[in-house]
Amino acid sequence: MVCSIMQKLSDNACRPRASTGLWGEALNDAQRAAVEHADGPLLVVAGAGSGKTRTLTHRVARLVAEGVHPAAILLLTFTRKASQEMLQRAARLLDQRCERVSGGTFHSFANLKLRQYASYAGLSPDFAILDRNDAEALIALIRKESEAASRQRRLPRKNTLADIFSRAANKAQSVEDVVFADYAHLSEQMDAIAALFECYSQRKREHHFMDYDDLLVWFQRLLQDAPEVRRRISASYRYIMVDEYQDTNRVQAEILYHLTDANHNIMVVGDDSQSIYAFRGANFRNIIDFPKLFPGTRVIGLEENYRSTQPILSLTNVVIERAREKYSKHLFTRKSGGTLPELIETEDEHTQSVYVVEQIQNLTARGLRLEQIAVLFRAGFHSFDLEIELSRQGIPFIKVGGFKFTESAHIKDVLAHLRVIANPYDRISWYRILQLVEKVGPRGAQRIYESIVAAGTGVNGLLSLKAKNAGLDRLKDLYRSINATAMPLAEMGGAVVHYYLPILRQLFDDHPKRAKDLDQLLGILERYRRLEHFLTDMALEPPNISAEETLYTAEAEDRLVLSTIHSAKGLEWQSVFVIWALDGRFPSLYAMANEEDMEEELRLMYVAATRARESLCFTYPRQVYDRSQGILLNRPSRFIDMIPDDILKKRSIGFSGISQLRW
């Protein structure tokens, strides 16, 4: 435990809030202590909704007001927008001098210094920066050359390779370690991937290219290997401040350590309980070990919450208290009222979806706008059934993180195989199916489709084709095995998925994840009796919002928000539903084998719960069979199980308790 070093500056929770004074905004005691901290390392553990941005901006304004030259203050953030907004806010508190503070992202700062000291780093000062698209284009070129030279089977796609290389840089690991840990299904291609990475690195050096990750890696090396440069850069900044420190990776932490070589006046703000991006390279140990890295660190906890009601905070306090290693905190609020969070057990997944939809309809009937409601989930496929129900009820939504169910290429592929059974002359679906067959291109698909139409016998027209093609023979065998009049729909879908899985493995590097989506699709099929009803639900609301769109577009106004928890961090809503709070889904079965993964899953649950302002509801289906593991999942998430009834209200909902009928 790290709780012993937490300063209890908010012990007197009922003390009046500090007056606004010079700054024009109220500061509580803990915030004021952080703002007025003088010299030396400072760690501000900012609980969810505790006003960390206010604290950072006030400290910038105070330092400038006391005569510190703005250029001698360095404010590092994770987005350019966050940096600009903080400095603009500080300028409103004081004056325009605050906008001249040296603010920016880690990457922009590294780029600036690498160009300034290029000769010391062994670089050309006019190096070109590759954005993600440029990096993938270069990788694709090398990949094509490698395949042609070695005549080996297809290498992973360019975006997968770029992800592997980036993860290796951010985690300060070898490509081999990343593949074996995070992409085990690609381990047979390890030698080819490693060789391609070496070629990629060499090509960048030859052409004076730097990708985003290189900026951090080369800057860290410059600071480490050039003491004169390190001292010069470090002496330029009397005060360093860092936002969202829990999201820093190992390379960024080392950069910050070197930047304090001359002055140890570093202030980092973050929340260990919201460290949830290990898959991107974020290192939980950075914030936990900060006092060890910087002896004499003062730790201040921000515990007063300005977002949620006390019943919600009481629950989140219990959830995060279960963390094995943490800075203990007890969030409280001065807001009055609020209802107890709920845990709802439903009969099955569809009952869960219908219940959530009815509760959303009740909220909107009472005047709450859809955009003030969010449904959060651990993995993108968890919302598939809910998306169908929302579309059926005509409730508009935007999904953030993962793809909309009907937009996923692999889902579209499987649906196309079913659509031609219901409509044998569906040209679009036939073209999609046929071009999945090896050695069948657009022209071949057209010829086969025209033959099917000419035969006038639907799917049987495919079976009568005389073409010699092993892939087409497999497709024919699939449709011979399907008896559309006598076969249960779920069995029909199972036959299609069984046929499609080898194609899935060929098409997608992340095929294990997509196979999970197909399991979810089969679960949805089980509740339908007629193919036409299922396909109608799939087409009720044609997808018009892509997963890449953000919540801040005009199209997103007054739409329900569906979001993965990772994508929801930093956001808040009036009412929040957390679905699939089922042990084995949240936490996932895969995480249960690793203690560190389980700790991050617990923090994910904490992040989900702290997004709610007024109402919070967890739901889970009573019994779910996990096909991949062959086990029955039937208990609520261990993270919220056994929480006392006076903190979490529990109810069980059967299908008879909701108005919606099955097809």
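The figures that follow rest on heavy atoms only: side chains count, while hydrogens, waters and symmetry mates do not.
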K.L.:
Scan side-chain atoms only and decide if Asp641 and Ser637 contain a donor-acceptor pair under the 3.5 Å cut-off.
P.N.:
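No, no side-chain donor-acceptor pair sits under 3.5 Å.
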
K.L.:
For residues 165-189, which residue pairs qualify under ring-ring contact (aromatic ring centres under 6.0 Å, His included), counting only residues two or more places apart or in two chains?
P.N.:
Phe165-Phe197, Phe165-Tyr200, His185-His511

K.L.:
Less than 4.5 Å apart, side chain to side chain, heavy atoms only: is that true for Ile653 and Glu347?
P.N.:
no

K.L.:
So do Met492 and Ile421 actually touch side chain to side chain, heavy atoms under 4.5 Å?
P.N.:
yes

K.L.:
Which pairs pass salt bridge (charged side-chain N to carboxylate O under 4.0 Å, His left out) with one or both residues in residues 475-499, sequence neighbours excluded?
P.N.:
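Qualifying pairs: Asp477-Arg480.
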
K.L.:
Report the C-alpha distance between Phe78 and Gln252 in whole Å, list the side-chain angles of each, state the deciding distance to 0.1 Å, and finish with yes or no for side chain to side chain contact (heavy atoms under 4.5 Å, CB included).
P.N.:
CA-CA 11 Å; Phe78 276 84; Gln252 289 164 325; 3.9 Å; yes

K.L.:
Glu601: what forms a salt bridge (charged side-chain N to carboxylate O under 4.0 Å, His left out) with it, not counting sequence neighbours?
P.N.:
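Per chain and number, Glu601 pairs via salt bridge (charged side-chain N to carboxylate O under 4.0 Å, His left out) with Arg378.
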
K.L.:
Which atom names give the shortest non-hydrogen contact between Met592 and Gly584, and what distance separates them?
P.N.:
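Result for this residue pair: CE-N, 3.5 Å.
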
K.L.:
What are the two closest heavy atoms between Leu501 and Ala515, and how far apart are they?
P.N.:
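Heavy atoms only, the tightest pair is CD2-CB, 4.4 Å.
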
K.L.:
Side-chain contact test, heavy atoms from C-beta onward, threshold under 4.5 Å: evaluate it for Leu582 versus Pro636 and give yes or no.
P.N.:
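Contact flag for Leu582/Pro636 side chains = no.
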
K.L.:
Would you call Leu376 and Thr564 a side-chain contact if the rule is heavy atoms closer than 4.5 Å?
P.N.:
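A side-chain contact under 4.5 Å is absent here.
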
K.L.:
Measuring only between side-chain heavy atoms, which start at C-beta, is Phe639 closer than 4.5 Å to Met598?
P.N.:
yes

K.L.:
Quick one, Val420 with Leu462, criterion side chain to side chain contact (heavy atoms under 4.5 Å, CB included). Give me CA distance, side-chain angles, the key distance, then yes/no.
P.N.:
CA-CA 11 Å; Val420 298; Leu462 171 71; over 6 Å; no

K.L.:
As an exercise, state the distance from CG of Leu489 to CG of Leu525, rounded to the nearest 0.5 Å.
P.N.:
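Going from the CG atom of Leu489 to the CG atom of Leu525 covers 4.5 Å.
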
K.L.:
Could you list the donor-acceptor pairs under 3.5 angstrom formed between side-chain atoms of residues 439-448 and any protein atom two or more places apart in sequence or on another chain?
P.N.:
unit_1	atom_1	unit_2	atom_2	d
Gln446	NE2	Glu450	OE2	3.1

K.L.:
Do you know which of Val356, Val375, Leu343 makes side-chain contact (heavy atoms from CB on, under 4.5 Å) with Thr619?
P.N.:
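Looking at Val356, Val375, Leu343, the match for Thr619 under the side-chain contact (heavy atoms from CB on, under 4.5 Å) is Val356.
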
K.L.:
Taking Trp430 for its side chain and Pro424 for its backbone only, find out whether a donor-acceptor pair lies under 3.5 Å.
P.N.:
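Here the side-chain-to-backbone pair exists.
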
K.L.:
For residues Ile276 and Lys569, report the shortest heavy-atom separation together with the two atoms involved.
P.N.:
CD1-CD, 3.8 Å

K.L.:
Looking at Ser383 and Leu386, would you say the former's side chain and the latter's main chain have a donor-acceptor pair under 3.5 Å?
P.N.:
no

K.L.:
Distance-only, no hydrogens or angles: does the Asn469 side chain make a donor-acceptor pair with backbone N or O of Glu438 under 3.5 Å?
P.N.:
yes

K.L.:
If the condition is ring-ring contact (aromatic ring centres under 6.0 Å, His included), which residues does Tyr499 pass it with, not counting sequence neighbours?
P.N.:
His417

K.L.:
Taking Trp573 for its side chain and Ala374 for its backbone only, find out whether a donor-acceptor pair lies under 3.5 Å.
P.N.:
no

K.L.:
Can you name the nearest heavy-atom pair linking Val400 to Ser567, along with the distance?
P.N.:
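For Val400 and Ser567, the tightest heavy-atom pair comes out as CG1-CB, 3.7 Å.
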
K.L.:
Quick check against the 3.5 Å criterion: does Gln246 have a side-chain atom that pairs as donor or acceptor with the backbone of Ser275?
P.N.:
no

K.L.:
Quick one: ring-ring contact (aromatic ring centres under 6.0 Å, His included) partners of Phe508, sequence neighbours excluded?
P.N.:
none

K.L.:
Salt bridge check: are Arg622 and Glu345 linked by an N-O gap of less than 4.0 Å?
P.N.:
yes

K.L.:
Looking at Glu387 and Lys399, is there a salt bridge between them, counting it only when a charged N and a carboxylate O are closer than 4.0 Å?
P.N.:
yes

K.L.:
Check whether Asn249 reaches the backbone of Gly281 with its side chain - one donor and one acceptor, N or O, closer than 3.5 Å.
P.N.:
no

K.L.:
Kindly compute the distance separating CE (Met210) from CG (Asp213), expressed to the nearest 0.5 Å.
P.N.:
10.5 Å

K.L.:
Among residues at least two apart in sequence or on other chains, which ones pass ring-ring contact (aromatic ring centres under 6.0 Å, His included) with His207?
P.N.:
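Counting only residues at least two positions away or on another chain, His207 forms a ring-ring contact (aromatic ring centres under 6.0 Å, His included) with Phe209.
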
K.L.:
Atom OG1 in Thr346, atom CD in Gln623: separation rounded to 0.5 Å?
P.N.:
11.5 Å

K.L.:
Thinking salt bridges, do Arg203 and Glu145 make one under a 4.0 Å N-O criterion?
P.N.:
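Here Arg203 pairs with Glu145 in a salt bridge, since their nearest N and O are under 4.0 Å apart.
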
K.L.:
When rounded to the nearest 0.5 angstrom, what distance separates CZ in Phe377 from CD1 in Ile565?
P.N.:
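Between Phe377 CZ and Ile565 CD1, I get 9.0 Å after rounding to 0.5 Å.
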
K.L.:
Return the CG to CG distance between Leu138 and Leu130, rounded to the nearest 0.5 Å.
P.N.:
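Leu138 CG to Leu130 CG: 6.5 Å, rounded to 0.5 Å.
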
K.L.:
Would you list the pairs meeting salt bridge (charged side-chain N to carboxylate O under 4.0 Å, His left out) in which at least one residue belongs to residues 493-510, sequence neighbours left out?
P.N.:
Arg154-Asp509, Asp510-Arg514

K.L.:
Do the side chain of Ser481 and the main chain of Leu478 share a donor and acceptor less than 3.5 angstrom apart?
P.N.:
yes

K.L.:
Sequence neighbours left out, what pairs pass salt bridge (charged side-chain N to carboxylate O under 4.0 Å, His left out) with at least one residue falling in residues 157-175?
P.N.:
Arg132-Asp163, Arg167-Asp182, Lys171-Asp182

K.L.:
Any chance the side chains of Tyr500 and Asp413 put a donor and an acceptor closer than 3.5 Å?
P.N.:
yes

K.L.:
If you apply the rule side chain to side chain contact (heavy atoms under 4.5 Å, CB included), what do you find for Arg143 with Leu196, and how did you get there?
P.N.:
CA-CA 7 Å; Arg143 174 180 175 271; Leu196 199 150; 3.9 Å; yes

K.L.:
If every non-hydrogen atom of Leu390 is compared with every non-hydrogen atom of Val357, which pair is closest and at what distance?
P.N.:
CD2-CG2, 3.7 Å

K.L.:
Within the supplied structure, the quantity of interest is the number of heavy atoms (other residues, nucleotides, ligands) at a distance under 6.0 Å from Lys513 NZ; does it exceed 12?
P.N.:
no

K.L.:
Applying side chain to side chain donor-acceptor pair (under 3.5 Å), can you list everything that pairs with Glu526, at least two apart in sequence or on another chain?
P.N.:
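Scan of Glu526 (side chain to side chain donor-acceptor pair (under 3.5 Å), adjacent residues dropped) gives Arg627.
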
K.L.:
Let me confirm one number: the CZ-CG distance from Arg280 to Asn170, rounded to the nearest 0.5 Å.
P.N.:
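Atom-to-atom, Arg280:CZ and Asn170:CG are 10.5 Å apart.
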
K.L.:
Please determine whether the number of non-hydrogen atoms from other residues, nucleotides or ligands lying under 6.0 Å from atom CD of Gln435 exceeds 12.
P.N.:
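For Gln435, atom CD is crowded (more than 12 foreign heavy atoms under 6.0 Å).
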
K.L.:
Check step by step if side chain to side chain contact (heavy atoms under 4.5 Å, CB included) holds for Leu186 and Gln189.
P.N.:
CA-CA 6 Å; Leu186 300 178; Gln189 298 172 274; 3.8 Å; yes

K.L.:
Using the ring of Phe284 (Phe, Tyr or Trp, six-membered ring only), decide whether Arg603 places NZ or CZ under 6.0 Å from its centre and within 45 degrees of its axis.
P.N.:
yes

K.L.:
Under the side chain to side chain donor-acceptor pair (under 3.5 Å) test, which residues partner Asn283, sequence neighbours left out?
P.N.:
none

K.L.:
Between Asn634 and Asp583, is there a side-chain heavy-atom distance shorter than 4.5 Å?
P.N.:
no

K.L.:
For Arg585 versus Lys516, what's the shortest heavy-atom pair and its separation?
P.N.:
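That closest heavy-atom pairing would be NH1-NZ, 4.3 Å.
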
K.L.:
Distance-only, no hydrogens or angles: does the Asp214 side chain make a donor-acceptor pair with backbone N or O of Asp211 under 3.5 Å?
P.N.:
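Yes.
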
K.L.:
List the residues meeting ring-ring contact (aromatic ring centres under 6.0 Å, His included) with Tyr277, not counting sequence neighbours, and say none if there are none.
P.N.:
His566

